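Down below is the structure, laid out as C-alpha cells.
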Amino acid sequence: MSQPVRPARRNALRSTLTVFALVLGALFAPGVGVLAGADSAHAATKISHATATSMFRGSGITWSSSGGCSDRNNPSCTSFEQLNLATAKGAQTLKSASGCALNITGGTETGHAGGTYSHWNGYKLDFSKYTCLGNYVRNTFTYIGVRGDGAPQWKSGAGNIYADEGNHWDVTFYNCGGC
C-alpha cells in the first residue's frame, strides 16, 4: 500500500508541473516560442557573415560582389551579416536539390528594396543567372505570375519565391526549403 503524499511534496510536484506546463505553452504558442514557424519575421535566427560563408563554402556555393567586399553598409558589396539561418539553409537545399552551380551576388547589404521579407532583413539572396538554375526553377516550381515590377515568379513547394529579375534570380526564403 502506498503512503499518502505529504503536503510539502504535493506542492513541489504541483510547482514542477506548473513550470513544465508554462514551458510547453511558451514553446508551442504561435509566434512566441522557439518552435514558431520560420515564416514569422520576428522569429528568425540571424547568423554572421563568417558563419554564412562557411556554410556556403561547405556546400560548394560561391559568392561575388561588384566591389569585391562584404560591408553590409556598402551597396557594392555582398554581405551575409544578419542573414537568416533558414535563408542560408535554403540556399544549401537549392544547391543540393538542383545540382546546379550557385553564385550569390546579393545578400543583406544596403541598396535593395525594403520590406519585412527583404534582403536587409535576411530573407533574400540574389543568384547569378545560369541555364541550369533557370531550367530547374521553371521546370520544378509553380509559375505564379508577375510581381508588381514585372518580374515573373515561381513558387517552390516549400513556399519560397523565385523572381526572374532579368540579370539575376531574386529569391525570398521564407524557410529552408525542406532541409
Side-chain angles (χ1 to χ4, degrees), residues 29-53 55-56 59 61-95 97-98 100 102-130 133-134 136-138 140-179:
V32 175
V34 294
L35 297 180
D39 61 346
S40 300
H42 62 280
T45 300
K46 303 295 184 177
I47 60 174
S48 68
H49 182 82
T51 297
T53 57
M55 291 174 69
F56 296 150
S59 294
I61 299 170
T62 60
W63 59 95
S64 57
S65 72
S66 58
C69 50
S70 61
D71 180 354
R72 181 167 158 83
N73 296 304
N74 181 339
S76 296
C77 298
T78 297
S79 175
F80 305 124
E81 196 62 41
Q82 295 296 302
L83 187 68
N84 294 341
L85 178 60
T87 301
K89 287 183 174 182
Q92 290 178 310
T93 300
L94 176 62
K95 169 71 175 163
S98 70
C100 298
L102 294 182
N103 181 63
I104 301 169
T105 60
T108 60
E109 66 280 349
T110 190
H112 299 280
T116 301
Y117 299 104
S118 64
H119 282 273
W120 183 261
N121 288 337
Y123 287 90
K124 288 188 168 208
L125 291 172
D126 289 340
F127 294 94
S128 295
K129 292 249 324 231
Y130 296 136
L133 180 58
Y136 178 78
V137 169
R138 289 183 187 96
T140 307
F141 303 143
T142 303
Y143 178 73
I144 58 171
V146 295
R147 204 167 57 183
D149 62 0
Q153 302 177 103
W154 287 261
K155 187 174 186 177
S156 74
N160 297 323
I161 306 292
Y162 293 72
D164 182 346
E165 293 192 346
N167 61 354
H168 67 273
W169 286 97
D170 176 77
V171 182
T172 307
F173 291 99
Y174 297 105
N175 57 65
C176 67
C179 60

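Atom set for the values below is all heavy atoms of this structure, side chains included, hydrogens, waters and symmetry mates excluded. Being a predicted model, the structure only gives us computed values, none of them experimental.
- At least one side-chain heavy atom of Ile47 sits less than 4.5 Å from a side-chain heavy atom of Met55.
- Scanning all heavy atoms of the two residues, the minimum distance from Asn74 to Cys69 falls at ND2-SG, 4.2 Å.
- Taking every heavy atom of both residues into account, Tyr174 and Gly159 meet most closely at CD1-O, 3.2 Å.
- Side-chain N or O atoms of Asn175 include one that pairs as donor or acceptor with a backbone N or O of Ala158 at under 3.5 Å.
- In this structure a side-chain-to-backbone donor-acceptor pair under 3.5 Å is missing from Asp170 to Lys124.
- Minimum heavy-atom separation, Ala151 to Asp149: N-OD1, 3.1 Å.
- Annotation: Tyr136 is in aromatic contact with Phe141 [ring centroid separation under 6.0 Å].
- Taking 4.5 Å as the limit, every side-chain heavy atom of His168 sits out of range of all side-chain heavy atoms of Ser128.
- A donor-acceptor pair shorter than 3.5 Å cannot be found between the side chains of Asp126 and Thr105.
- Rounded to the nearest 0.5 Å, atoms NZ (Lys129) and CG (Asn103) are 14.5 Å apart.
- Taking CZ from Phe127 and CH2 from Trp169, the interatomic distance works out to 11.5 Å, rounded to the nearest 0.5 Å.
- With sequence neighbours excluded, the residues forming a side chain to side chain donor-acceptor pair (under 3.5 Å) with Ser59 are Gln92, listed by chain and number.
- The shortest side-chain heavy-atom distance between Ile161 and Ile144 falls under the 4.5 Å cut-off.
- The two residues Ser76 and Ser66 make their nearest non-hydrogen contact at O-OG, 3.2 Å.
- In this structure a side-chain-to-backbone donor-acceptor pair under 3.5 Å is present from Glu109 to Ser79.
- For the atom pair Ile104 CD1 and Phe56 CZ, the distance stands at 4.0 Å (nearest 0.5 Å).
- Contact between Asn73 and Pro75 at its shortest, heavy atoms only, is O-CD, 3.9 Å.
- Checking each of Leu125, Ile61, Leu102, Asn160 against Leu94 for a side chain to side chain contact (heavy atoms under 4.5 Å, CB included) leaves exactly one that passes, namely Leu102.
- Looking at heavy atoms from C-beta onward, Tyr162 lies in side-chain contact with Ser156 at the 4.5 angstrom threshold.
- Interatomic distance, Arg72 CZ to Thr108 OG1, rounded to the nearest 0.5 Å: 4.5 Å.
- For the atom pair CZ (Arg138) and CH2 (Trp154), the distance works out to 5.0 Å, reported to the nearest 0.5 Å.
- In Lys155, the NZ atom is not crowded: 12 or fewer heavy atoms of neighbouring residues, nucleotides or ligands sit closer than 6.0 Å.
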Output side-chain donor-acceptor pairs under 3.5 Å for residues 82-89, partner residues at least two apart or in another chain, one line each.
| from | atom 1 | to | atom 2 | distance (Å) |
| --- | --- | --- | --- | --- |
| Asn84 | OD1 | Lys46 | NZ | 2.7 |
| Asn84 | ND2 | Gly122 | O | 3.2 |
| Thr87 | OG1 | Gly122 | O | 2.7 |

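- For the atom pair CG of Leu133 and CG of Asp164, the computed distance is 9.5 Å after rounding to the nearest 0.5 Å.
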Evaluate the side chain to side chain contact (heavy atoms under 4.5 Å, CB included) criterion for residues Tyr123 and Phe173: first the C-alpha distance (whole Å), next the side-chain angles of each, then the deciding distance (0.1 Å), finally the verdict.
CA-CA 5 Å; Tyr123 287 90; Phe173 291 99; 5.9 Å; no
